[in-house]
Structures are given as C-alpha cells and as structure tokens.
Amino acid sequence: MTMLIKGGTVISSTGADLAEVLVDGETIIAVMSPGSEPALSAESAADRVIDAAGKYVIPGGVDAHTHMELPFGGTKASDDFENGTKAAAWGGTTTIIDFAVQSFGQQVRDSLDEWMAKAEGKCAIDYGFHMIIGDVNDASLKEMDTLVDEGITSFKLFMAYPGVFLSDDAQILRAMQQAAGNGSMIMMHAENGIAIDLLAQQAVDRGETAPINHGLVRRAELESEATHRAIMLAKVGASPLYIVHLSASGALEQVTRARNEGANVFAETCPQYLYLSLEDHLGKPGFEGAGYVCSTPLRSKHEPHARDLWTGLRNDNLSVVSTDHCPFCMKDQKELGKDDFRAIPNGIGSVEHRMDLIYQGVVTDELSLPRWVEICATTPARMFGMYPKKGVIQPGSDADIVLYDPSATWSISVDNHHMNMDYSAYEGIEINGKVDTVISRGQVVIENDAYHGKAGDGKYVPRGLSQYLM
Ligand code: URP
Ligand code: ZN
Ligand code: ZN
C-alpha cells in the first residue's frame with residue numbers, strides 16, 4: 001500500500017518546506033518537491049493520496065515520559081496501555097517511552113517482564129521502556145548491562161519518595177558508574193525527598209492538610225539542591241544525566257551552568273509547569289487542587305519559573321517536553337488524600353495534549369515551528385536512541401506522520417478528551433491548531449475525528465544508546 005501526502009508544509013527540526021511525502025507500507029520512501037517529476041509519478045501510482053493543503057506535516061510526537069498503570073499510593077494510574085496510547089494518538093503522539101518499575105526487593109528482570117506483559121498487544125502506537133531502578137544493589141546493577149543490550153538504555157533513579165523509590169547518594173553514584181560503563185543514560189527525579197518529608201510532617205502536625213500544601217512543602221530550593229547534587233554525582237560518576245520533569249528556575253540554573261561547562265547534562269520540562277500554577281490550580285478551593293498534585297509540584301505564578309522554562313526551551317537548556325502522563329481520577333483515587341495531602345496520588349494526565357499545548361508556544365512566538373517539532377519529536381527520539389526511525393520525516397524513517405491544522409480552534413475539556421480521567425487539568429484552555437490526521441507506521445489511525453486503529457497496532461521499539469552522547 002503506497003500513500004502520498006501532498007500539498008502540506010513539512011516541518012523538521014531545521015526548517016519548513018512545501019513537500020510531498022511518499023509512504024510505502026510502514027516506511028517513508030521519499031520527500032519530494034511539489035510538481036517535480038517524481039512527485040507527479042508518485043501521485044498517479046499511489047494507492048491513496050491525502051490532501052494536506054493548509055496543514056503542517058510533522059513527525060509523530062515522541063513522548064519520552066509516561067506512566068500507564070503506574071502503581072502509586074495504594075492505587076494505580078487510571079490509563080492502561082490500551083486507553084493511554086489511544087489518547088496519545090488522538091493528540092498526535094505516535095511513540096511513548098513508559099517506565100517499567102523495579103520496586104524495592106524485586107528483581108529487575110521480573111519487573112521488566114511484568115511491564116512488557118502489561119503493554120504487549122494493547123498499544124495503539126509504538127512504545128519503548130525506560131527502567132526505574134527502585135533497589136540499587138549488585139544484582140540490579142548487573143542487570144542494567146543486560147537491559148542495555150535489549151534496548152532499555154535509560155534508567156530512572158529517585159532522590160524523592162523515601163522508603164519507596166529513594167536511592168541514597170552511594171546508590172546513585174554506583175548506578176551512574178554502571179551507566180558510564182555501559183553507555184546508558186541516568187534519568188533523575190531531582191527533589192530532596194528527606195527534607196520534603198520532614199516539611200510535610202510538620203505541615204500536617206500544624207493541621208495544614210489541603211492539597212496546596214503538597215506544593216508548599218516541595219520547595220523549589222529542594223529541587224535546585226537535588227539537581228545540583230545529581231549533576232555533581234554524575235560528574236564524579238562520569239555518566240550522562242537527564243533531569244526529568246524540571247519545574248523550577250533554580251533547577252534550570254543548575255542545568256544551564258553544567259551545560260555551559262560542557263557536561264552531558266540534559267533536562268525536560270512538562271506542559272503543566274508552563275501552563276498551571278500553585279496558586280490558580282493546586283490552590284483551588286476545597287479539595288479541587290488535588291487534581292493538580294504532581295511531583296515536582298506546580299510552582300508559584302509570582303515567581304518567574306514558567307517564563308524561565310519557556311526561555312530554556314528556546315535556548316536548549318531544556319531539550320525536551322514530555323508529559324509525565326500519570327493520570328488519576330478525582331473519585332476514589334485523588335480522594336484517597338482528602339484528609340492528608342501526602343496520600344493524594346501524584347500525577348497529572350496530559351499525554352493527549354502535549355503537541356497542542358506546546359504548539360501554543362508557536363502561536364505566541366515563544367517557539368519557532370521547527371523548535372516545536374524538535375522538542376516534541378526529534379530530540380526525544382535522538383535522546384533515547386530511536387532516531388531516525390522516529391522523530392523525523394525522511395526516507396527510511398517509520399511513517400509516523402501528523403497532519404496538523406493551524407486554522408482550527410477549540411477548547412480542552414473533560415468532555416472531549418480521551419484519557420481515562422474524570423476531570424481535565426487543562427479545562428477551558430483555548431487551543432489554536434488541531435491534530436487532523438495521524439499516521440502510525442503507515443496506518444491512518446486518526447482521521448475525520450475518528451479513531452481507526454486497534455489495540456496491538458503499536459509495537460515495542462528496542463532503543464539504541466542516546467545519540468547525544470556519540
Ligand atoms: O507526579 C508524578 N510525577 N507522578 C509520577 C511519578 C514520577 O515521579 O514521575
Ligand atoms: Zn519523577
Ligand atoms: Zn514520571
């Protein structure tokens with residue numbers, strides 16, 4: 001089956017051009033000038049011609065940070081791999097990298113098998129895995145090497161969540177030394193969890209139990225401190241470092257300084273830190289703020305965090321936008337913490353909205369069109385060893401292609417999203433632009449406001465080493 005996408009403006013991380021894209025089966029085989037001889041012959045021979053006039057033709061989004069079905073605080077994230085990846089497709093994302101979780105006391109191999117089984121045959125789009133190492137010990141360090149050979153080339157560690165996921169500095173350093181040896185990437189949840197837990201206990205002792213306290217005790221200084229410590233440990237361990245869900249100006253300063261010194265330090269931010277705030281969202285009256293409990297937390301709108309993050313995205317001190325998609329419903333899930341903010345499961349769902357929300361940065365001139373594509377598709381693919389299979393429209397790449405209509409307008413709402421959540425963290429946000437058609441490895445999965453795929457269309461993608469380290 002051949003398919004020609006004609007009349008659109010193809011956006012890459014380096015520019016935008018009118019071009020026609022020819023797909024054969026699952027693969028892009030040509031990108032041609034409109035009206036050229038190859039384009040005209042392709043049009044007459046193609047099984048299907050898709051008219052992309054007036055649309056941007058972009059590589060399918062790569063969301064490098066999702067948590068389908070993540071167990072957390074006695075419940076689990078409300079999107080499973082089937083529904084969550086379908087919602088991602090609706091939003092123009094054609095690849096996710098989720099996190100397999102080794103909990104304390106578990107073998108890495110068993111945990112990976114468990115997560116592979118959860119995803120197998122369920123996904124609407126392609127997927128890979130990072131591995132959370134929740135128990136750094138001799139056996140798990142050894143397993144890191146084996147996993148790299150199997151396409152799991154990044155490992156997340158936590159400086160937060162004492163007693164659950166937290167690794168101490170010695171464990172972190174050991175894992176970094178292992179990564180330095182096997183070429184993999186250490187991803188860090190950089191918050192000082194021990195100090196946070198003390199402040200959280202003190203807040204509860206004072207009777208301050210409402211959701212906003214989650215953000216008040218997770219002080220920005222404690223993100224900066226942990227980010228600095230992670231960078232220093234990575235320097236000592238000689239490993240690359242990728243800071244996940246960076247939310248605060250001070251943490252960004254640490255990353256910027258390290259990058260200016262030439263260190264292999266990278267960071268992502270997430271839409272929630274660009275659009276939502278401690279006061280307006282986490283601080284909503286009653287228990288409504290629980291819907292905005294995530295870690296790192298939303299930051300104060302009276303400080304320049306969001307502004308600095310947009311700047312970081314422009315100047316590449318922030319290289320990637322991921323979602324940290326980790327949805328929970330208010331009913332029965334967020335409600336677990338109605339008397340104590342510490343029991344509210346941490347996470348916000350937005351896998352469906354990343355491409356649209358970051359495109360608003362193009363609309364408001366924060367970002368160029370190529371930079372939008374770069375931070376949402378090309379760089380995450382390169383960062384995590386999937387490029388040029390993913391993240392670019394060029395011959396030989398997977399035919400993961402989104403037609404994006406810049407003329408459409410709509411509002412995000414719980415009534416129109418496809419994620420399994422009983423509220424939307426972005427309710428009422430007006431969006432200029434809309435995902436029109438989504439092609440996942442050559443198959444049209446979203447078209448005419450309908451989903452045309454099925455569970456199991458998405459395949460596991462073993463990843464190579466980060467292409468930023470070569
Ligand atoms: O609130 C969050 N981020 N939940 C998911 C777990 C994590 O730390 O990424
Ligand atoms: Zn985290
Ligand atoms: Zn996460």
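For this chain, numbers begin at 1 and follow the sequence in order. First listed ligand is number 1; within each ligand, the first listed atom is number 1.
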ask   = What pairs with P71 under side-chain contact (heavy atoms from CB on, under 4.5 Å), at least two apart in sequence or on another chain?
value =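 P71: side-chain contact (heavy atoms from CB on, under 4.5 Å) contacts with W115.
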Counting only heavy atoms not in [X], do more than 12 fall under 6.0 Å of its [atom1]?
| X | atom1 | result |
| --- | --- | --- |
| R219 | CZ | no |
| R257 | CZ | no |
| E208 | CD | yes |

query = Got a sec, which residues hit salt bridge (charged side-chain N to carboxylate O under 4.0 Å, His left out) with E352, two or more places apart in sequence or on another chain?
reply =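 Residues passing salt bridge (charged side-chain N to carboxylate O under 4.0 Å, His left out) with E352: none at all.
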query = H67: which N/O/S atom is nearest the Zn ion (ligand 3)?
reply =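 That would be atom NE2.
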ask   = When rounded to the nearest 0.5 angstrom, what distance separates CG in D324 from NE2 in H65?
value =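 Answer for the CG-NE2 pair, D324 versus H65, is 3.5 Å.
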ask   = Are K156 and F99 in a cation-pi setup, meaning NZ or CZ lies under 6.0 angstrom from the ring centre and within 45 degrees of the ring axis?
value =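 Because its charged atom sits under 6.0 Å from the ring centre and within 45° of the axis, K156 does stack over F99.
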Using a cut-off of under 3.5 Å, which N/O atoms of ligand 1 pair up with protein N/O atoms, and what distance separates each pair?
| residue | atom | partner | partner atom | Å |
| --- | --- | --- | --- | --- |
| ligand 1 | 1 (O) | S295 | N | 2.8 |
| ligand 1 | 1 (O) | N346 | O | 3.4 |
| ligand 1 | 1 (O) | G347 | N | 3.4 |
| ligand 1 | 3 (N) | S295 | O | 2.7 |
| ligand 1 | 3 (N) | D324 | OD2 | 2.6 |
| ligand 1 | 4 (N) | N346 | O | 3.0 |
| ligand 1 | 8 (O) | K156 | NZ | 3.4 |
| ligand 1 | 8 (O) | Y161 | OH | 3.4 |
| ligand 1 | 8 (O) | H189 | ND1 | 3.0 |
| ligand 1 | 9 (O) | H67 | NE2 | 3.1 |
| ligand 1 | 9 (O) | K156 | NZ | 3.0 |
| ligand 1 | 9 (O) | D324 | OD1 | 3.2 |

task = For D63 and T93, test the side chains for any donor-to-acceptor distance below 3.5 angstrom and give the result as yes or no.
result =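 Not at all, the side chains of D63 and T93 share no donor-acceptor pair under 3.5 Å.
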query = Between S300 and E279, do the side chains contain an N or O donor and an N or O acceptor separated by less than 3.5 Å?
reply =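 There is such a pair between these side chains.
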Under 3.5 Å: donor-acceptor pair, side chain of T209, backbone of D340 =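 Pair absent, no side-chain N/O of T209 close to backbone of D340.
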key: Protein N/O/S count near the Zn ion (ligand 2) (criterion: distance under 2.8 Å)   =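 The number of such protein atoms is 3.
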